[in-house]
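What follows is a single structure, written as structure tokens, with notes after it.
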Amino acid sequence: MVELQVTNSPFNQEQVELLNRLIPTLTDGQRLWLGGYIAAFQAGVATAPQTGLALQAEPVPAAGAPVVSREVTVLYGSQTGNSIGLSKKIAKKLEEQGLQVSLSSMGDFKPNGLKKIENLLIVVSTHGEGEPPDNAISFHEFLNSKRAPKLDGLRYSILALGDTSYEFFCQTGKDFDKRLQELGGTALVPRVDCDVDFDEPAAEWMNDVLASLSSTSAATGTVSSEAITAAVSSGESEFNRTHPFKAEVLENLNLNGRGSDRETRHIELSLEGSNLDYEPGDSLGVFPENHPRLVDELIAAMDWKADERVTVNKNGDQLSVYEALLRHYEITAVTKPVVEQLAKLNPESGLAALLADDSEFRNVMNSCDLLDLVQDYSLKGINAGAFLAVLRKIPARLYSIASSSKSFPDEVHLTVRTVRYEARGRERYGVCSVHLAERIQAGDTLPVYIQHNPNFKLPQNPDTPIIMVGPGTGVAPFRAFLGEREEIGAEGKAWLFYGDQHFSTDFLYQTEWQRWLKDGVLTKMDVAFSRDTEQKVYVQHRMLEHSKELYQWLQEGASIYICGDEKKMAHDVHAALITILQQEGGLSPEQAADYMTRLQHEKRYQRDVY
Ligand code: NDP
């Protein structure tokens, strides 16, 4: 028999040496018994048998041969595009290892095929308050319904994407894991839950999956965190999330008129020389800086020296405490892993008790920043190096792109509402929006990257009618949609529902919509200015007023797009659509819900909601 080596097996050097010492000492019977035992262990039914006889029927793998099916199904549930990029990466790697891979969105997957699958990989993000992304909803519902089959033969693993600053961190991934286990599935490798900085844990998960599924050398299947970044960023450019492009600011204007309660910045950036390309519906990731006042206050509260040098990454790069807090670390969100680490750094701080009280911790997470935490708990005395080392890297903010690259080659435009509010007697700032509003001018540069979003795309056929619902800054991508349709000379009808507080001060891009209406690029526009009338009026009210025509458009094959607030608006607009289908199509509530699910499967109902 061929001796095991790291190059002809999935084992590392230490394991190879152990196995090479053990295997030649085994009798035929012992080998047979061990082969069966391992196969049963993999299937999750292993109890140490009294004799080998009970398991002798199991196939005995030859060294280096696979024990299991060579077919792998990879399913993704994705809202902003990260899970798609990661799924493609793992699928490619598995194929390179000679495995047969079937890759699909959960939305396109026929769940009655689930029973036949032996190896299943799931890459899924969590959205809103612990909800599945749009294209995972029906699969999630199916698995949790009575129709879900027993899955005793299934081996699966889950890569869950999420954000620890949300209470229901990676909830959808956890739901899938729990349910697949309940249905009889066995974890191939344990689920990995990733925070926003997912490159390294995702690469580790992929390597574990490859090692457990592959019959050839694990070494050839190694995935690096750089490869992950490249996969999710895609495209030809060398610039991506971990290597952002420094884009020059060309324009930074307030779109709101004098007297408005709101401030919305229209920002134009140059992408010249970056080779970055995007399509309508994609987003731009922007790395912001924290507010200098908050940084000063935090340093003062901790009694640190602003110019003390601290190490900020694995390469040993150093920055001053001030610079590190300004540019490198997140100091606004309070996340569980950070609080757990701080509690370890000072066990007397009272943070351990906070962590033990779920509801109090939830309050703190939803309302406090790091400065509040420092002021409320005894954290003074932790040195800057140790404290900063437990913080998250400042995550980029994603904004729906407001321009078509066909109308504005080498440029990208954003529509950003400035977030300012007061809490506990202190003014609070949206990190990125206030950075853009107060401290960025034409000529400055911003680190940016493109986040492709295949889930929010114009119909392939330019003749297809489109209905766009985008109150507030949710209108941003529709400026890109119409710019694109104008450039390509699309013939399809287009209808925009837009709303904000006041007509006179808050009508974003008013003259552009009017021009498009005049030129026929936009067929219809209905507006809802919520605070100009005694009774509030919202976009969904306008949709209901035009229910007959809207239903007609849907019957003609229109695609409908919603962008903006997820918590209330998107739910209310969905409910309005259900009402319209019942009213105009004579459908029951269940039939109307099915109609919307069908639209979603046909990619005719797409949402970019936060
Ligand atoms: P808002 O959504 O706060 O306000 C826009 C208009 O919508 C106002 O007239 C407001 O009325 C109205 N409105 C309030 N509640 C509802 C409701 N239940 N149904 C319909 N309309 C309603 O505008 P912003 O631009 O400040 O914020 C937009 C939201 O969308 C934010 O949550 C933002 O995070 C998100 N967003 C996401 C984007 C993305 O990239 N996907 C892009 C842009 C925004 P009133 O204030 O009078 O109640």
Side-chain angles (χ1 to χ4, degrees), residues 78-82 125 127-129 133-134 163 165-166 254-256 260-267 278 280-286 395-403 412-421 430-434 436-437 448 450-453 455-457 468-481 496-510 526-545 561-579 606-610:
S78 181
Q79 198 75 32
T80 62
N82 285 328
S125 59
H127 195 51
E129 302 298 302
D134 283 352
D163 181 340
S165 65
Y166 287 86
N254 183 8
L255 295 175
N256 294 93
S260 174
D261 288 347
R262 327 200 108 188
E263 177 182 0
T264 316
R265 310 303 300 195
H266 170 74
I267 294 170
Y278 63 89
D282 289 343
S283 297
L284 190 77
V286 180
R397 271 48 174 185
L398 288 178
Y399 293 103
S400 311
I401 292 174
S403 52
V412 62
H413 300 177
L414 301 181
T415 315
V416 181
R417 185 137 295 167
T418 314
V419 177
R420 292 191 187 92
Y421 59 99
V431 178
C432 196
S433 64
V434 169
L436 296 174
V448 303
I450 300 290
Q451 173 85 25
H452 296 290
N453 183 3
N455 298 321
F456 203 72
K457 285 284 157 281
M468 301 163 284
V469 185
T473 48
V475 84
F478 304 134
R479 184 175 179 265
F481 276 24
L496 176 64
F497 289 91
Y498 168 74
D500 215 315
Q501 292 182 349
H502 299 287
F503 170 82
S504 58
T505 54
D506 306 326
F507 200 159
L508 307 182
Y509 303 115
Q510 180 183 2
D526 283 282
V527 291
F529 289 98
S530 54
R531 302 197 188 184
D532 280 346
T533 46
E534 216 163 280
Q535 283 277 327
K536 282 220 172 180
V537 47
Y538 290 155
V539 281
Q540 61 272 25
H541 301 129
R542 297 292 183 233
M543 293 167 71
L544 289 164
E545 281 165 20
Y561 299 86
I562 300 173
C563 182
D565 170 57
E566 200 264 340
K567 287 188 192 71
K568 292 208 201 97
M569 183 276 294
H571 291 271
D572 294 349
V573 168
H574 183 86
L577 287 165
I578 297 280
T579 306
Q606 300 187 20
R607 307 188 317 157
D608 179 9
V609 293
Y610 287 82

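Note that ligands are numbered from 1 as they come in the structure, with each ligand's atoms numbered from 1 the same way. None of the values given here were measured: they were computed from a predicted structure. If you read the sequence from its start, that first residue is 1, and numbering goes on from there.
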Closest protein heavy atom (residue, atom, distance) for atom 48 (O) of ligand 1: Tyr538 OH, 2.7 Å
Heavy atom of the protein closest to atom 40 (O) of ligand 1 (residue, atom name, distance): Ser400 OG, 2.5 Å
Where's the contact between [X] and ligand 1, heavy-atom distance under 4.0 Å: side chain, backbone, both or neither?
X	answer
Arg531	side chain
Arg417	side chain
Ser283	neither

Phe481 to Gly281 - nearest heavy-atom pair and separation: CE1-N, 3.8 Å
Electrostatic pair Arg531:Asp506 at N-O distance under 4.0 angstrom: no
Parallel, tilted or perpendicular: rings of Phe478 and Phe456 (30°, 60°): tilted
Where ligand 1 meets [X] - atom numbers and elements under 4.0 angstrom, heavy-atom basis:
X	value
Gln540	17 (C), 19 (N), 20 (C)
Gly474	43 (C), 44 (C)
Lys568	18 (N)

Heteroatom proximity flag, Thr473 to ligand 1, N/O under 3.5 Å: yes
Side-chain (Gln451) to main-chain (Leu398) donor-acceptor, under 3.5 angstrom: no
Atom 35 (C) of ligand 1 within contact range, any protein heavy atom under 4.0 Å: yes
Within-shell test, Ala476 vs ligand 1, heavy atom, strictly < 4.0 Å: no
Whether Lys567 lies under 4.0 Å from ligand 1, heavy atom: no
Face-on cation placement of Arg479 at Tyr509 ring, 6.0 Å and 45° thresholds: yes
